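Counting starts at 1 for both ligands and their atoms, following the listed order. In this text, all values refer to a predicted model and were calculated from it rather than measured experimentally.
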Amino acid sequence: MKTAGYIGVNVCRFLLGITFIFSGYVKAIDPLGTQYKIADYLAAVNLAGVLPDWITLTASVGVSAVEFSLGIFLLFAIQRRQVSRLVLLFMGVMTLISVWLFLSNPVKDCGCFGDAIHLSNGETLAKNLVLLVAAVVVACRPLCMVRFISKPNQWIATNYTVVFIVVSSLFCLYDLPFFDFRPYHIGADIRKGMEIPAGAPQPKFETTFILSKDGVQREFGLDNYPDSTWAFVNSKTVQTEEGYVPPIHDFAICDGTSGEDLTAQILARKGYSFVLVSPYLEQADDTNFGAIDRIYEYARRENVPMFGLTASRNQAIRRWQELTGAEYPFYTADATTLKTIIRSNPGLILLKNGVVVNKWSHNRLPTEEELNGPLEQLDIGKINPASITEKITMIALWFVLPLLLLTLTDRLWAWTRWMKEKKRRNKIYQLLKKRRKMRKKIVAGNWKMNLNLQEGVALVKELNEALSADQPNCDVIVCTPFIHLATVAGLLNGKPISLGAENCADKEKGAYTGEVSAEMVKSTGAEYVILGHSERRQYYRETPEILKEKVELALKNGLKVIFCIGETLEEREANKQNEVCKAELEGSVFHLSAEEFANVVIAYEPIWAIGTGKTATSDQAEEIHAFIRSAIAEKFGKDVAEQTSILYGGSCKASNAPELFAKPNIDGGLIGGAALKCADFKGIIDAWKK
Ligand code: PGA
């Protein structure tokens, strides 16, 4: 479900990103075309001419740049939250506009994709609804967008994108649109563009006749036209189908003075002609008229006809001629057509046999060096078929490649950082491991009330042999019943096993029949004593106070204490294990000084796991061991806590010991059942070698 969500968000993000980039780009490289579209919208709401041109032009560059940049940001998942909200806002507004277009049809083509793709208003609405849904999906879970550039480097891509698109837009404004999607692009045969192919659908009309008879008026069609007893009153004709509209349908040139239609004549003209196109001469840029004159000179020299095309009246033509000294004739054409032919006022086109061979903005007219021979021999006189590939390569080199390099460098950087971080973590881990090594790893056996003296002696001998042959990687302790201690101590002399008792009295000495004091334990040669075992707390009612006495006496007599703590099943189920363990520590060992506490080993033994075959999972055990260590750190400081060995006890076996001992806060085990057989016990001891 989660993965499906991720995939969904990313699919939507790519769909939106690619659409925004495409539509933003095609508009950005045709700033004048976009400006004309904005003017169409303003006219549709009766605001034609209200805003000055510089505002609509700035809006054109701005809107396209915002759209393109949002697309790139989506694609690279830059500023995910803000960008997804902005995209949603953008799509919300666009969808509202397209609903209006669909319902009222104020503008025929929405202009979403400039001149690259024309959509009907219905198609635009459907497209925007899909994109709006995608924008909602992305805005709901923006953080699911997978990043391609890490946060600290995003500013590079952001600035580069904005600069790229604004500079591209301004360059296309200065020159001509980088890509020309209009029917008058270089290579277009104007006559072909005007052709209606045979069999193309014709526009259809329907006529209704209103006739009357005996004072009654009725409507008839051609198919049910009545007899002559009906008298004709009126008729109306409506267009029912549009029919095929050729890409070029409004190209008409006429002589402004004689009114003669020159279209066919000009298009049929063999050879080259220069055409200076200016929709409105009043608004034409006249700063480059010197260059235009030079071209006219060249045209005259080379016998190439040159004429101007404008929608302006004679007065404006005369003014232009006076201002620039233009001697070439001017003909008249529709302003919208002229704006479509070239996005420059004025702009120059070179026609050959009715085909557009080349186009120039007034800012980049051919230079004298370029016009150094007959047009047939010049590069500018030929259609350059490689120009589209060259342009795409240029975009790839100037925009795609740098962004790609940035992404790769960023990924490499992120990877090195990740490696560094891994190394650092490893170092910390090694340090922790080293520290951990400083505290003792222990495997202690607790025989409880099992094994008679002979059995105990036999087991110790076997263990002695096994561990002498295969040295343990930890401290090994066997804690035996009192009566075994002295004998076992004799067997262990000089061997890698230490001895411990399972209990000691809470009184120093005296008339306590049946008790064994800490001093007596020590005198057998034992070094350790288990205190606080849950079985003693439960069956012999050893309270925290009693245990406190025992701990003090043991330490006083030079014994090290293996102090047991742990919760019952009910306490675990009530999630009280931390509380219980802490209380047991506080009740019997937390009153000690740090020096005294250094001789205490803690054994965490969940009561529900003792002798039951149920072990705490290694994660459960690690969690509470870490808590116990933190409680010790809180009481005695970090260093003491780091030095304290904390053992796990409760159904620990050779099979689960390696996993338990691998945890950083588990320093070994206190073993009951599995300590009664040499092979079992040795198996657990060997876990420290894994
Ligand atoms: P167990 O006992 O290993 O048999 O569960 C552990 C103990 O009580 O110390």
- prompt: Which class fits the ring pair Phe20 and Phe90: parallel under 30°, tilted 30 to 60°, perpendicular over 60°?
  reply: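 Judged by the thresholds at 30° and 60°, the geometry between Phe20 and Phe90 is tilted.
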
- request: Check the angle between the aromatic planes of His625 and Tyr604 and answer parallel, tilted or perpendicular using the 30° and 60° thresholds.
  value: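 Answer is perpendicular, since the angle exceeds 60°.
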
task: Measure the shortest side-chain to side-chain distance between Val87 and Val138 over non-hydrogen atoms and say whether it is less than 4.5 angstrom.
output: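 Answer no - side chains too far apart.
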
Any nitrogen or oxygen of [X], side chain or backbone, less than 3.5 Å from one on ligand 1?
{"X": "Gly673", "answer": "yes"}
{"X": "Gly611", "answer": "yes"}
{"X": "Gly672", "answer": "yes"}

Measuring from non-hydrogen atoms of [X] to any atom of ligand 1, is the shortest distance under 4.0 Å?
{"X": "Gly650", "result": "yes"}
{"X": "Ser651", "result": "yes"}
{"X": "Lys653", "result": "no"}
{"X": "Ser534", "result": "no"}

Sequence neighbours left out, cut at 3.5 Å: what donor-acceptor pairs do the side chains of residues 471-486 make with other protein atoms?
{"residue": "Asn473", "atom": "ND2", "partner": "Trp688", "partner atom": "O", "Å": "2.9"}
{"residue": "His484", "atom": "NE2", "partner": "Leu451", "partner atom": "O", "Å": "2.9"}
{"residue": "His484", "atom": "NE2", "partner": "Asn452", "partner atom": "O", "Å": "3.2"}

message: Can you report which non-hydrogen protein atom sits closest to atom 7 (C) of ligand 1, along with the distance?
response: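 Result: Glu605 OE2, 3.1 Å.
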
- prompt: Who's the nearest protein heavy-atom neighbour of atom 2 (O) of ligand 1, and how far?
  reply: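 For atom 2 (O) of ligand 1, the nearest protein heavy atom is Lys448 NZ, 3.4 Å.
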
field: Minimum heavy-atom distance between Met145 and Arg80, given as atom pair plus value
entry: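 The answer is O-NH1, 2.8 Å.
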
- request: Take Phe399 and Tyr25, measure what ring-ring contact (aromatic ring centres under 6.0 Å, His included) needs, and give me the verdict at the end.
  value: CA-CA 12 Å; Phe399 187 62; Tyr25 186 74; 8.5 Å; no

Without placing hydrogens or testing angles, list every side-chain donor-acceptor pair under 3.5 Å for residues 549-565, not counting sequence neighbours.
{"residue": "Lys550", "atom": "NZ", "partner": "Asn503", "partner atom": "OD1", "Å": "2.8"}
{"residue": "Lys550", "atom": "NZ", "partner": "Cys504", "partner atom": "O", "Å": "3.2"}
{"residue": "Lys550", "atom": "NZ", "partner": "Glu542", "partner atom": "OE1", "Å": "3.3"}
{"residue": "Lys550", "atom": "NZ", "partner": "Glu542", "partner atom": "OE2", "Å": "2.5"}
{"residue": "Glu552", "atom": "OE2", "partner": "His591", "partner atom": "NE2", "Å": "2.7"}
{"residue": "Lys556", "atom": "NZ", "partner": "Glu508", "partner atom": "OE2", "Å": "2.8"}
{"residue": "Asn557", "atom": "ND2", "partner": "Leu553", "partner atom": "O", "Å": "2.8"}

